[in-house]
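This report concerns only the one structure given below.
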Amino acid sequence: MENIKAYVTQHKDRFINELIELLKIPSISADSAYSQDVLNTADAVKKALLTAGCDTVEICETPGYPIVYGEKIIDNNLPTVLVYGHYDVQPADPIELWDSPPFEPIIKKTDLHPDGAIFARGACDDKGQLYMHVKALEYMVENNNLPCNVKFMIEGEEEIGSTSLAWFVERNQEKLANDVILISDTGMISNTQPSITTGLRGLSYVEVEVTGPNRDLHSGLYGGAVANPINILTKMIASLHNENNHITIPGFYDKVEELSTEERAEMAKAPFSLDDYKKALDINEVYGEKGYTTNERNSIRPTLDVNGIWGGYIGEGAKTVIASKAHAKISMRLVPNQDWEEITELFTKHFINIAPKAVKVKVIPHHGGQGYVTPIDNIGYKAANKAYTETFGIPAIPQRSGGSIPIVALFEKELKSKTILMGFGLDSDAIHSPNEHFGIFNYLKGIETIPLFFKYFSEMKK
Ligand code: BES
Ligand code: MN
Ligand code: MN
């Protein structure tokens, strides 16, 4: 595949322009105001897959947004790679913090992306990364060197919990049969140090509601004599961590896998600068669970974070009021062996338990999913590493990520295959934040590396 580099160089401008067109459609799955755009994006992905060389592409209806399923089967005796990605994106707000409109992609240089990066919501998560696979397919079909069968399953609800994908996978095991699942929806250490994601955290996401009096009250007439639900909620939340930043929910750590000293030493070898980390975030100090490093805190340790909190008066000026209700959205990132449904139950019990009698508490579970770890002694990992070694000039480092792709554990359960996470984003690409971007270097490197994975995986599978 010597000509992959040349092919990418030759078609680079078109590859970038096609991605820019896809990024213009605001496929925000969380907000029903954008439902037509989400559907239009599914159509655009279908067209792109057909143009790139899939034999058939279907828009598969589900109870929610459709799954785009495409395939090119060249020989039933050859292995099959199933590519997964998502065409939905996160909401763009707070929109006022974007330097350019989120759905009007522009290319700008940054310190980490001297070749330029495409700024748009979804540029890295996940439209840019899924489109690398579409262009890699185009290359392999065009140059007649697709070495195996390929199936594409691109969903539109990843950012809201993949409910319809779970429904689809459970009903289509045969259609989705494969030898390995390939996903680009994670990151790597840096543009000079590739890494392969070997772990994802699980997730339990809940919303809580604390109710005090049955109506908003004058904070002078009633203040001091009744429970203020905002005071109570913040106190309850504060109590969920102790002075060492351990989570206080009974049983929360029972199943957490403790890594051996050797495994932790291995992890610590990955290049990392605490100074750069602090500088990039403009913080004086890092903060977290006692006894663990920053990289351990954000990958092998579970967490509990408030994602949003509201209640009372937040308009202009002052209003003296004791609110009737206070709310918060809380996420718990989980590590392998912690079961998300069990953790959701532990949280619910504990939260109700610690509430003073003066308030009523509701816990509303949202969604969740199990974590995932993949061994590095399988041919999927080896093929990926060989591909990276060729395109980056050095081998990749295995690294566990703090993020979650809950559907990966379900793939293993339902389809009985391993997932290889070949992500090309950087942590600094601001996914889910204002000014999300994806490096041109990363985009093109991805397109170069993916066909090599196909080649080496097919060779090793023989
Ligand atoms: N692509 C991300 C997950 C990710 C990013 C994993 C970077 C590792 C490195 C995915 O789109 C995502 O945002 N997942 C959600 C979970 C989902 C259930 C909403 C997450 O991690 O918050
Ligand atoms: Mn994603
Ligand atoms: Mn995401």
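First listed ligand is number 1; within each ligand, the first listed atom is number 1. Both backbone and side-chain heavy atoms feed into the values below; hydrogens, waters and symmetry mates do not.
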Heavy atom under 4.0 Å from ligand 1: found in [X]'s side chain, backbone, both, or neither?
| X | answer |
| --- | --- |
| I160 | neither |
| M188 | neither |
| I431 | side chain |

[X] heavy atoms, cut-off 4.0 Å: which ligand 1 atoms fall inside?
| X | value |
| --- | --- |
| L203 | 18 (C) |
| R333 | 20 (C), 21 (O), 22 (O) |
| H86 | 11 (O) |

So that I can check it, does any N, O or S atom in [X] come closer than 2.8 Å to the Mn ion (ligand 3)?
| X | answer |
| --- | --- |
| D126 | no |
| E159 | yes |
| H86 | no |

Going by heavy-atom distance to atom 9 (C) of ligand 1, choose the closest among G403, P406, S401, G402.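 Result: the heavy atom closest to atom 9 (C) of ligand 1 is in S401.
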
Candidates D88, I407, D125; heavy atom nearest atom 2 (C) of ligand 1 found on D125

Among all protein heavy atoms in this structure, tell me which lies nearest to [atom], with the distance rounded to 0.1 Å.
| atom | result |
| --- | --- |
| atom 14 (N) of ligand 1 | S404 O, 2.9 Å |
| atom 19 (C) of ligand 1 | E159 O, 3.6 Å |
| atom 11 (O) of ligand 1 | E158 OE1, 2.7 Å |

Could you tell me whether ligand 1 has any atom less than 4.0 Å away from a heavy atom of H367?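 It does, in that a heavy atom of H367 comes within the 4.0 Å cut-off of ligand 1.
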
Check whether any heavy atom of H432 sits under 4.0 Å from an atom of ligand 1. yes

Is it the case that the side chain of R333 and the backbone of R301 share a donor-acceptor pair, with hydrogens and angles ignored and the cut-off at 3.5 Å? no

Short side-chain to backbone donor-acceptor contact, Y456 and N385, under 3.5 Å: no

So, do P105 and K24 sit near enough that their side-chain heavy atoms are less than 4.5 Å apart?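 Yes - at least one pair of side-chain heavy atoms lies under 4.5 Å apart.
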
May I ask you to test the F411-V169 pair for a side-chain heavy-atom distance under 4.5 Å? yes

Does NZ or CZ of K445 lie under 6.0 Å from the centre of the six-membered ring of F424, at an angle within 45° of the ring axis?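 No, K445 does not sit over the ring of F424.
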
N, O or S atom within D125 nearest to the Mn ion (ligand 3), by name: OD2

Output yes when R14 and E138 qualify as a salt bridge under the 4.0 Å nitrogen-oxygen rule, no when they do not. yes

Is R121 paired with E159 through a side-chain N to carboxylate O contact shorter than 4.0 Å?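 Salt bridge between E159 and R121, a charged N being under 4.0 Å from a carboxylate O: no.
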
Sort out for me which residue in L421, T197, N298 forms a side-chain contact (heavy atoms from CB on, under 4.5 Å) with S401. T197

What one should report as the nearest heavy-atom pair of F152 and L137 is CE1-CD2, 3.8 Å

Ligand 1 and D185, any nitrogen or oxygen pair closer than 3.5 angstrom?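 In this structure, D185 places an N or O atom under 3.5 Å from an N or O of ligand 1.
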
Applying the side-chain hydrogen bond (donor to acceptor under 3.5 Å, both in side chains) criterion to K135, which one of E18, H11, E448 satisfies it? E18

Roughly how far, to the nearest 0.5 Å, is SG of C60 from OH of Y69? 8.5 Å

